[in-house]
Amino acid sequence: MVITLSPELARRVALTAQLLSAERPAGIVEAVDALTVVNIEPTAAIAPSADLILWTRLGWPYQPADLTRLVEDDRALFEWGGFYRTMADLPLLRHEMAVRPQSREAREWLAANDRFRGEVMARLRADGPLRPTDIDDTAAVSWRSSGWTNNRNVLQMLEMLVLRGDVAISARDAAGRSFDLAERVYPAGLAEIAPEDAARERAVRRLGSLGIARPRSVAQPIEPIDVGSVGEEARVEGVPGVWRVDPETVERAASFAPRTALLSPFDRIVFDRKRLEELFGYEYLLEMYKPAAKRRWGYFALPILHGDRFVGKLDAKADRKSGVLKVFAVHQDQPFADAVVEAVDDEISELARWLGLEVQLQPGG
């Protein structure tokens, strides 16, 4: 059986799965469990991505200190591959950890630095948790990269050992991350899951978090955006190609209750730009890596969701020193109706209040 969805219902399925209806989750763990992954990009032009993602789902009950407690004290959540995840999902990742790193260059570098690896593990065992700057660089072969990791051997070793599951991120603050042996961070006695069962369950969980996804899509370095054969086959009216949908989410989306939200540029609902354009007809690009003169919407513009449509971008910056949320522009993809203007203004005010700032319109904003 092939499920046929109207464009409106397809959008609502995606938004329902991503907790972007008026119905809010009960707490942080419940939200992360439903989303499966929460991006940890620390750029804080407005707020760190994880905080903004969780605030858009939970609203006022969410406070960053609660996330820190769940990660560092309760160990209900953990960090792997640039995302927060529930600790309950750790068994599903064990087999993927076992084959990391995947690139030949990284594997060869690890092999050439086996003694260095042992020394890093020994230092963590004796004195962990530690920051990269606490550990001596005794690498026999330096890590070569055209990027910022070039010659940062301790950090690169720790990153690889985290991906392998030998080391874990113990804590994170404004100064960076602390690392420790995985056995001190991850719980003992995890369930053993066969590789094929783990892969399928991850795909099921992924589809549940996306609601609607392509069976195959562009490969990603850590977290896939396609779902294989799980769920039910579906087609979206007016959109070429085959999709997979989660039937339970389709049923829930039938009673979708809309709201307005200001989303992180790293939010999963906007991460897959092709899917975003196919389902929502929305063009978006994070422009923080562009020269200022070439930006259309701003350094860290937030996608604006109203109901089941993306309607614009908010160009703003949190100036904590001055105590203001500077609003440079509200870019309207199409002219806003009065009700949309009011809803977006209210959401900007709520964002500023949550940040402890006052809204300050900039010239031209």
Side-chain angles (χ1 to χ4, degrees), residues 5 7-25 28 30-41 43 46-59 62 82-85 203 205-214 217-218 220 222-227 231 234 236 239 243-246 248-250 252-253 256-287 297 300-314 331 333 343-344 347 351:
L5 304 178
E8 178 185 59
L9 182 54
R11 294 192 299 270
R12 294 183 171 199
V13 167
L15 293 169
T16 298
Q18 279 286 295
L19 308 180
L20 288 168
S21 69
E23 183 179 353
R24 304 273 188 168
I28 295 173
E30 291 82 357
V32 178
D33 181 58
L35 297 173
T36 67
V37 292
V38 172
N39 187 286
I40 308 179
E41 166 60 44
T43 300
I46 301 293
S49 185
D51 292 326
L52 188 52
I53 289 169
L54 290 170
W55 177 73
T56 57
R57 273 63 180 190
L58 292 160
Y62 175 73
F83 297 95
Y84 287 123
R85 308 163 187 267
R205 299 255 306 120
R206 190 178 314 121
L207 180 58
S209 73
L210 297 173
I212 177 170
R214 294 292 192 182
S217 191
V218 179
Q220 301 294 317
I222 293 291
E223 195 63 29
I225 57 176
D226 51 25
V227 296
V236 179
V239 181
W243 300 83
R244 306 297 295 188
V245 295
D246 176 45
E248 181 181 325
T249 307
V250 173
R252 289 164 47 213
F256 177 84
R259 63 183 174 95
T260 303
L262 306 172
L263 302 179
S264 164
F266 298 98
D267 202 295
R268 292 295 278 183
I269 194 70
V270 299
F271 177 81
D272 184 343
R273 305 291 194 248
K274 183 177 180 182
R275 174 179 180 264
L276 182 64
E277 188 163 354
E278 288 178 325
L279 293 182
F280 292 90
Y282 183 67
E283 181 187 4
Y284 181 75
L285 180 68
L286 176 60
E287 298 180 304
W297 304 308
F300 201 74
L302 306 186
I304 302 173
L305 174 71
H306 179 72
D308 63 11
R309 302 305 298 257
F310 287 94
V311 296
K313 294 91 179 168
L314 170 66
H331 298 284
D333 289 359
V344 172
E347 196 65 13
L351 173 61

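A quick note: this is a predicted structure, and the numbers were derived from the prediction, not measured.
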Test item: [X] side-chain N/O and [Y] main-chain N/O as donor-acceptor pair under 3.5 Å:
| X | Y | answer |
| --- | --- | --- |
| Arg57 | Ala31 | no |
| Arg259 | Ser21 | yes |
| His331 | Trp297 | yes |
| Arg273 | Glu283 | no |
| Arg309 | Tyr282 | no |
| Arg206 | Asp226 | yes |

### Query
Around atom CD of Gln220, are there more than 12 heavy atoms of other residues, nucleotides or ligands at under 6.0 Å?
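More than 12 within 6.0 Å, yes.
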
#### Entry: Member of Leu207, Thr249, Thr16, Val245 meeting the side chain to side chain contact (heavy atoms under 4.5 Å, CB included) criterion with Ile212
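Answer to the side chain to side chain contact (heavy atoms under 4.5 Å, CB included) test with Ile212 among Leu207, Thr249, Thr16, Val245: Val245.
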
### Task
Give me the one residue out of Ile53, Asp51, Leu52 that meets side chain to side chain contact (heavy atoms under 4.5 Å, CB included) with Ser49.
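When Ile53, Asp51, Leu52 are each tested with Ser49, the side chain to side chain contact (heavy atoms under 4.5 Å, CB included) holds only for Ile53.
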
### Task
Evaluate the criterion salt bridge (Lys or Arg N to Asp or Glu O under 4.0 Å) for residue pair Lys313 and Asp333; output intermediate values, then yes/no.
CA-CA 8 Å; Lys313 294 91 179 168; Asp333 289 359; 3.0 Å; yes

### Task
Return the minimal non-hydrogen interatomic distance between Leu5 and Leu9, and the atom names on each side.
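In terms of heavy atoms, the two residues are closest at CD2-CD2, 3.7 Å.
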
### Query
Considering all heavy atoms of both residues, which atom of Arg85 and which atom of Glu223 are nearest to each other, and what is their separation?
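Looking at all heavy atoms of both residues, the shortest contact is NH1-OE1, 2.9 Å.
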
